[in-house]
Amino acid sequence: MIAPDLLYQRLRAHYGPQDDWWPGQSAFEIMLGAILVQRTRWHNAEQALARLRAERALTPAALVAWEPARLSAAIRPAGFAATKARRLQALAQWLLDQGGTAALADRPTPALRAALLARPGIGEETADAMLLYAFRRPVVVIDAYARRILGRLGHPQANARYGVLQQALVAALMPGSAAAAGAQRRLADLHALIVTHAQRHCRVGPRCSGCPLQAGCVHAGGQAELTDRAVGARAGGVPALPG
DNA sequence: ACCCAGGGTCATA
DNA sequence: TATGACCATGGG
């Protein structure tokens, strides 16, 4: 397993800086995107977001005023529309109660994180994405991409509980100071690089040709170009012919 | 036609 | 604590 810090350096050297990568013109829009993108491609989430933008619904006050059925229909491209509509309106109502995103700016990160986690439909990953991109806090976001990449690189805790893996990365990436200057920018860059790398190379069916992390990766080498399905078939997944 | 996608929640064992 | 089912649309 290469050190997470070296992982970051290699990805950055290969893909270049991805800074300020999460789309959205406001903290609220970023938070909406974090919910809409759950288990969904960004392309679909953006379609839903674009419809809300066209209807000028990208404010908490506007969003809570919508009929749930109307909101659900508008965000249908993002999938799980009924569920996500409920989550968006719950978030919007909460923000109104709090006095808007600006009123949360001086809340300490742990307290803000706990408050976000108490909202329906906001789990650890979504909360951390909101903290990192909407509230500009230096937070490590753990997503399925990070687990997949780290797992293939042989990280011992790639499949550990969220907080365990997160702490391991914090310790490895930011020895000493999570409050160091530029930490937020660096961690946003890292998350963006992980997403980009997982989509270009470290997919479910890995595309190792041209991968910048081949050194030290268990997928480097001969079977690199095989898809998971092909690997499974070769391993004995093909049933014997009857007769 | 099948698989996958920038999760979260709830019910079981 | 840890799996499994469910939520659902759209692109490769």
Side-chain angles (χ1 to χ4, degrees), chain A residues 7-8 11 15 18-24 29-52 68-91 94 113-135 139-152 157-166 169 187-207 225-233 237-238:
Chain A
L7 163 70
Y8 170 62
L11 290 178
Y15 297 108
Q18 319 276 305
D19 35 35
D20 236 4
W21 147 90
W22 190 293
E29 183 178 346
I30 290 171
M31 296 175 86
L32 297 186
I35 289 177
L36 287 170
V37 79
Q38 288 171 351
R39 198 62 188 182
T40 306
R41 295 176 192 277
W42 177 258
H43 175 79
N44 291 26
E46 170 53 31
Q47 280 193 349
L49 222 40
R51 292 192 186 186
L52 299 182
R70 181 187 177 195
L71 180 56
S72 180
I75 67 173
R76 191 176 51 183
F80 311 113
T83 302
K84 288 178 177 176
R86 254 183 279 115
R87 294 173 178 181
L88 294 186
Q89 289 195 306
L91 173 65
W94 177 70
R113 187 176 196 267
L116 290 170
L117 286 174
R119 301 301 104 210
I122 300 182
E124 296 193 280
E125 180 186 335
T126 303
D128 284 337
M130 290 177 173
L131 288 171
L132 179 61
Y133 294 106
F135 295 97
V139 164
V140 175
V141 176
I142 305 296
D143 57 15
Y145 289 159
R147 291 185 185 278
R148 189 163 73 211
I149 293 171
L150 291 170
R152 286 174 178 168
Q157 318 196 86
N159 214 351
R161 279 175 309 188
Y162 189 98
V164 173
L165 177 56
Q166 184 181 42
L169 291 185
L187 293 177
D189 200 33
L190 172 65
H191 181 222
L193 286 166
I194 284 173
V195 171
T196 295
H197 179 64
Q199 292 175 345
R200 301 264 183 86
H201 288 287
C202 209
R203 307 158 66 118
V204 172
R207 297 185 177 182
E225 302 299 332
L226 294 178
T227 65
D228 283 358
R229 191 184 317 170
V231 171
V238 179

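Naming: A, B, ... by sequence-line order, numbering from 1 per chain.
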Can you sort out the partners of [X] under side chain to side chain contact (heavy atoms under 4.5 Å, CB included), two or more places apart, ordered by chain and number?
X       : result
E125(A) : V141(A), D143(A), Y162(A)
A144(A) : none
R39(A)  : F80(A)

Starting at [atom1] of [X] and ending at [atom2] of [N], how long is that distance when rounded to a whole Å?
X       : N       : atom1 : atom2 : value
R147(A) : dA5(B)  : CZ    : C1'   : 17 Å
L117(A) : dG8(B)  : CG    : P     : 9 Å
R119(A) : dT9(B)  : CZ    : P     : 11 Å
M31(A)  : dG8(B)  : CE    : P     : 13 Å
W42(A)  : dG7(B)  : CH2   : C1'   : 15 Å
E46(A)  : dG11(C) : CD    : P     : 13 Å
R207(A) : dC3(B)  : CZ    : C1'   : 13 Å
L116(A) : dG7(B)  : CG    : P     : 17 Å

Discussion item. Could you report the tightest heavy-atom contact between M31(A) and A134(A), atom names first, then the distance?
Written reply: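 Of all heavy-atom pairs spanning M31(A) and A134(A), the closest is CG-CB, 3.8 Å.
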Worksheet item: Between R148(A) and dC4(B), is there a side-chain N or O to OP1/OP2 distance below 4.0 Å?
Response: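 No, no such contact exists.
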Item to complete: Any strand is fair game: report the nucleotide pairing with dG12(C) by Watson-Crick or G-U wobble, both distances under 3.5 Å, or none.
Response: dC2(B)
Worksheet entry | Residues forming a salt bridge (Lys or Arg N to Asp or Glu O under 4.0 Å) with R113(A), sequence neighbours excluded | E124(A), D128(A)
Discussion item. Using the salt bridge (Lys or Arg N to Asp or Glu O under 4.0 Å) criterion, which residues pair with D189(A)? Sequence neighbours excluded.
Written reply: R12(A)
Worksheet item: When all nucleic acid strands are considered with a 4.0 Å heavy-atom cut-off, which category describes I122(A): base, sugar-phosphate, or nothing?
Response: sugar-phosphate
Worksheet entry | Footprint string (nucleotides 3-10 of chain C, 5' to 3'): B base within contact, S backbone only, - free, heavy atoms under 4.0 Å | ----BBBB
Worksheet entry | Distance, P atom - from dC2(B) to dA8(C), rounded to whole angstrom |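 Result for the P pair: 22 Å, nearest Å.
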Discussion item. Classify the ring geometry of H191(A) against W21(A): parallel below 30°, tilted from 30° to 60°, perpendicular beyond 60°.
Written reply: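 Ring orientation of H191(A) relative to W21(A): perpendicular.
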